[in-house]
**Q** 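Sharing a structure here in structure tokens format.
Order of the sequence lines sets the chain letters (A, B, ...), proteins ahead of strands, with each chain counted from 1.
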Protein chains: 2
Amino acid sequence: MLKNAQRATATVGSTTHERIKHDIIFGLLAPGAKLKLSALKEHYGASVSILRETLNSLASEGFVIAEEQRGFFVAPVSREDIEEIANLRVLLEGHALKLSIERGDADWEGHLVAAHHKLHLMEVRMQAGDVSIRETWKRRDWEFHQALIQACDSKNLLALHSIIFDKYLRYQMLVLTFRGDEAAIEHKAILDAALSRDSATAQNILETHILAGLRHALMAF
Amino acid sequence: MLKNAQRATATVGSTTHERIKHDIIFGLLAPGAKLKLSALKEHYGASVSILRETLNSLASEGFVIAEEQRGFFVAPVSREDIEEIANLRVLLEGHALKLSIERGDADWEGHLVAAHHKLHLMEVRMQAGDVSIRETWKRRDWEFHQALIQACDSKNLLALHSIIFDKYLRYQMLVLTFRGDEAAIEHKAILDAALSRDSATAQNILETHILAGLRHALMAF
DNA sequence: TTACGCAAAATATCATATATTATTGACATC
DNA sequence: GATGTCAATAATATATGATATTTTGCGTAA
């Protein structure tokens, strides 16, 4: 009877969690902003308990700062922080990429090629000046990098990487700018190196890719 | 007027968080166990709201599994998981150690020597068969490894490492055994390499140290 | 200016109501 | 007789609003 066509039972807590996390990453909630329970209750239509659950979770992930008896704040941004995040992304994603290239099978290659193709469609539109798809473009970017390391065979590594990637993404969204087709070229180069199982080259280009994004973001600070 | 001599206002939420995390790491709450809200309420003397805040946080850190509409469970243990954790610890702690050795100043050396000394006192007592101080010994072990990487100059890296270290610690506590003075010798060797600023050697011994602990733990599975 | 104290606002905690899942047992089917 | 289906009930998780503490802001006095 497909009453739960798409898992209709999305709990208020989980949807609120996703919404607030999204709003932090995409800059709708400004860095350092006070997160007043009553205001959030108004905006997201959830009770204080739910919001406190959510904010405590996000504090564990590092997107929110919880100060005892003084409430919650959006995690601030800083030069040092983005540098740390970028370097951690190089470390984690580079390591995962190496493992993934060593272990990936035909399915992995298939998903990877598909993810790159879908990303490239967006890159073409961005280069043509269509910024309306910025969020979709970034999601495709996320999915491509995710696909690259999917075969690393370590859930713990993927979980840590996911958090760091999202933090890096927040900085990219804050500076708003598009790095042109440089990034697209690097994506293609990483794809080719991965498919030819050249993990050293793939790691090098990935590092270049991430650190170029870092420099680009730092200019805006 | 030191009215808050030692931050007297420890909130119910934070103490409950610490207690449950401790009980998971030290095996008082068995892997895979169902965490019933009503039972926890009884045991820890906190309301369901507080417990849900706590369990949601711990789920973000990976010590608890939250299944939508079905409740909370202590994170299960497995061979694959401990292998992933050990390898992540090598990656993160190794990297942080290298940075720390490059950047550490005299204060860092001082804290490090002190931490090793205090750890060694416990190692001597463990070797003498006094297992009553097992928990203190492990805390000193934690503090020594923490002191090693403290100068890495990346709060994000330290935060990730702390979580991974605690997960590794849980596996060590599960198997209960003491690796004899091997570990003590390795600790001393890492200390010496760090003080002589030989990061390559320090990293190597650290990797040996962690992977030996892994093998030791795997025997008990 | 600094210190004090009161009022207002915000957070932390709790007890309770609502919604969902799990279990039991009767009845039908193979 | 064993197995499968369904409805009623019990158990549990989710969500809310109310209460108790704590912090903050502001006016007043030294």
**Q** Would you say D:dA13 has OP1 or OP2 under 4.0 Å from some side-chain N or O of B:K34?
**A**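 Checking B:K34 against D:dA13: at least one side-chain N or O falls below 4.0 Å of OP1 or OP2.
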**Q** Sequence neighbours left out, what pairs pass side chain to side chain donor-acceptor pair (under 3.5 Å) with at least one residue falling in residues 32-50 of chain A?
**A**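 Sorted pair list: A:D23-A:Y44.
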**Q** Distances under 3.5 Å only, N/O to N/O: pair up the protein atoms with those of nucleotides 12-16 of chain C.
**A**
unit_1 : atom_1 : unit_2 : atom_2 : d
C:dA12 : OP1    : A:Q69  : N      : 3.0
C:dA12 : OP2    : A:R52  : NH1    : 2.1
C:dA12 : OP2    : A:R52  : NH2    : 3.4
C:dA12 : O3'    : B:T11  : OG1    : 3.1
C:dT13 : OP1    : B:T11  : OG1    : 2.6
C:dT13 : OP1    : B:V12  : N      : 2.4
C:dT13 : OP1    : B:G13  : N      : 3.4
C:dT13 : OP2    : B:T11  : OG1    : 3.1
C:dT13 : OP2    : B:G13  : N      : 3.4
C:dC14 : OP2    : B:S47  : N      : 3.0
C:dC14 : OP2    : B:S47  : OG     : 3.1
C:dC14 : N4     : B:S49  : OG     : 2.9
C:dA15 : N6     : B:S49  : OG     : 3.2

**Q** To the nearest Å, give me how far apart CG (A:L51) and P (C:dA10) are.
**A**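 Nearest whole value for this atom pair: 15 Å.
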**Q** Apply the test salt bridge (Lys or Arg N to Asp or Glu O under 4.0 Å) to residues A:E135 and A:R139: give CA-CA distance (whole Å), side-chain angles for both, the deciding distance (0.1 Å), then the verdict.
**A** CA-CA 6 Å; A:E135 206 162 311; A:R139 187 168 62 249; 5.6 Å; no
**Q** Kindly state each residue pair satisfying salt bridge (charged side-chain N to carboxylate O under 4.0 Å, His left out) with at least one member in residues 56-67 of chain B, sequence neighbours excluded.
**A**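 Of all non-adjacent pairs touching residues 56-67 of chain B, those that pass salt bridge (charged side-chain N to carboxylate O under 4.0 Å, His left out) are B:K21-B:E61, B:E67-B:R70.
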**Q** From NE2 of A:H17 over to C1' of D:dA15, roughly how many Å is that when rounded to an integer?
**A**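 Roughly 18 Å, once rounded to whole Å.
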**Q** Stepwise, does the salt bridge (Lys or Arg N to Asp or Glu O under 4.0 Å) test hold for B:R179 with B:E186?
**A** CA-CA 11 Å; B:R179 204 149 61 80; B:E186 288 156 6; 3.0 Å; yes
**Q** Parallel, tilted or perpendicular for B:H120 and B:H116, by the 30°/60° rule?
**A**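 Parallel: the ring planes of B:H120 and B:H116 meet at under 30°.
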